[in-house]
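To start, the structure itself, in structure tokens.
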Number of protein chains: 2
Amino acid sequence: MAKKVKIEIDSSTEEKIKEAARKVFTKNGFAATRTRDIAEEAGINLALLNYYFRSKEKLFDIVMHENMQKFLMVLHGVFNMESTSLTEKVEAIADNYINLLKEHPDLPLFVLSEIRANPEKFALSMGIKKILLESHFYKQIKERTKAKINPLHLVMNIIGLTVFPFIASPLLQRVGNLKQSEFDKLMDERRKLIPEWIDGMLNKR
Amino acid sequence: MAKKVKIEIDSSTEEKIKEAARKVFTKNGFAATRTRDIAEEAGINLALLNYYFRSKEKLFDIVMHENMQKFLMVLHGVFNMESTSLTEKVEAIADNYINLLKEHPDLPLFVLSEIRANPEKFALSMGIKKILLESHFYKQIKERTKAKINPLHLVMNIIGLTVFPFIASPLLQRVGNLKQSEFDKLMDERRKLIPEWIDGMLNKR
DNA sequence: GTCTATAATTCGATAGAC
DNA sequence: GTCTATCGAATTATAGAC
């Protein structure tokens with residue numbers, strides 16, 4: 001009577017394709033990705049990809065949506081905690097993003113590039129405004145800054161200080177002569193540093 | 001006897017094509033750009049594009065190189081000034097980058113995306129390491145931080161705080177409900193704010 | 001559901017007239 | 001130098017056998 005529980009989540013062909021698509025699309029972007037490469041990565045045939053998802057674009061939309069979700073989920077989880085201090089929220093954002101980005105370093109560049117390429121496609125993307133502007137987090141920043149400074153500056157800084165090093169990592173690792181492990185170590189240091197820096201900004205003046 | 005001076009720099013067909021290519025490539029990236037679009041943007045024919053530049057890739061390499069130059073020139077101009085203070089250097093970097101990025105907001109996302117897509121292509125890209133690691137700027141940061149913190153953190157922060165808002169602007173303008181003019185105003189405010197924030201980081205502890 | 005083979009389309013590049 | 005017309009390669013999508 002009970003519905004059969006799907007135990008092996010990733011072994012279905014559909015999931016294999018989606019996972020392969022996520023990997024290849026996120027690394028190369030939409031235009032530079034060939035459906036053949038996705039099929040190969042998934043270990044299946046090209047025709048099968050079109051059997052499950054009707055087109056390259058349909059498949060891309062799914063991957064893109066899931067990637068954006070990952071990106072926004074970090075913020076959404078933190079923004080409306082009522083009981084935590086502002087500093088604790090900043091710590092949580094930095095910590096969670098660094099975890100996410102160590103695992104998926106291509107994520108931000110992919111998301112931001114594709115949004116810039118097709119802004120109209122993500123125009124509707126629900127009320128993202130409300131997520132930030134009406135959040136408890138945003139209220140806390142406004143209180144602390146006391147109208148001395150636009151709260152958006154602080155939001156930009158929190159996200160930017162966390163995300164930017166990953167976006168620039170190819171350049172940074174070359175410029176700084178860093179091995180991957182050294183880069184990772186730097187990012188781990190930032191879990192503590194970013195909240196301190198943001199604190200300094202909030203206490204200014 | 002004297003070489004003829006080229007007065008109308010931009011009116012030559014070759015320049016028109018390069019300018020169109022810069023615009024389209026920078027907006028869409030290499031893979032998503034069609035040579036036909038460049039030709040149309042330049043107001044010339046597709047065949048002519050291949051007459052002047054042998055291939056799409058050759059044309060791209062030129063544009064890419066010029067874009068990277070723009071990006072690095074800002075740093076290069078500031079890094080080895082002997083007579084300015086660290087704070088003055090930070091002011092100069094923020095100020096010059098904000099000027100550059102207000103005019104060419106697509107620049108950073110383009111450069112960073114293409115580097116990530118083809119790291120080997122930019123591997124040789126001269127001794128970028130030396131430009132930073134042996135600069136007067138880097139020495140000044142090391143002195144001020146007194147080994148309490150890796151100087152690369154500060155470099156990341158200076159560039160990141162300046163560049164990231166432009167990278168994320170499509171999302172930011174939506175999230176913050178900003179018009180272009182309001183966004184520009186925020187960026188202008190950051191010319192003063194970024195040096196203050198960096199100062200705060202340097203004086204910590 | 002999965003495959004092979006192929007149709008249909010897109011796009012970079014070239015031939016050749018002017 | 002500049003154009004029109006077209007070739008050829010690459011790639012998405014589909015038809016049809018199993």
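In what follows, every heavy atom counts, from backbone to side chain, and hydrogens, waters and symmetry copies are set aside. Residue numbers begin at 1 in each chain, while the letters A, B, ... track the order of the sequences.
- Screening B/K89, B/M81, B/K142 against B/F137 for a side-chain contact (heavy atoms from CB on, under 4.5 Å) leaves a single residue, B/K89.
- Between B/I44 atom CD1 and D/dC3 atom P there is a gap of 7 Å when expressed in whole angstrom units.
- Within a 6.0 Å sphere centred on NZ of A/K192, other residues, nucleotides and ligands contribute 12 heavy atoms or fewer.
- Taking the six-membered ring where tryptophan is involved, the planes of A/F25 and A/F60 are perpendicular, since the angle between them exceeds 60° and thus also 30°.
- The side chain of A/T13 places an N or O atom within less than 4.0 Å of a non-bridging phosphate oxygen (OP1 or OP2) of C/dT2.
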Would you tabulate the pairs of protein nitrogen or oxygen atoms and nucleotide nitrogen or oxygen atoms of nucleotides 11-15 of chain C closer than 3.5 angstrom?
residue	atom	partner	partner atom	Å
C/dC11	OP2	B/R34	NH1	2.4
C/dG12	OP1	B/T33	O	3.2
C/dG12	OP1	B/T35	N	3.4
C/dG12	OP1	B/K56	NZ	3.3
C/dG12	OP2	B/T35	N	3.0
C/dG12	OP2	B/T35	OG1	2.7
C/dG12	N7	B/R36	NH1	2.8
C/dG12	O6	B/R36	NH2	3.4
C/dA13	OP2	B/K56	N	2.8

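- Other residues, nucleotides and ligands contribute more than 12 heavy atoms inside 6.0 Å of the CD atom of A/E88.
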Test log, rule side-chain contact (heavy atoms from CB on, under 4.5 Å), inputs A/H153 and A/I149:
CA-CA 8 Å; A/H153 281 303; A/I149 185 179; 3.8 Å; yes
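- Rounding to whole angstrom units, CZ of residue A/F53 and C1' of D/dT14 are separated by 18 Å.
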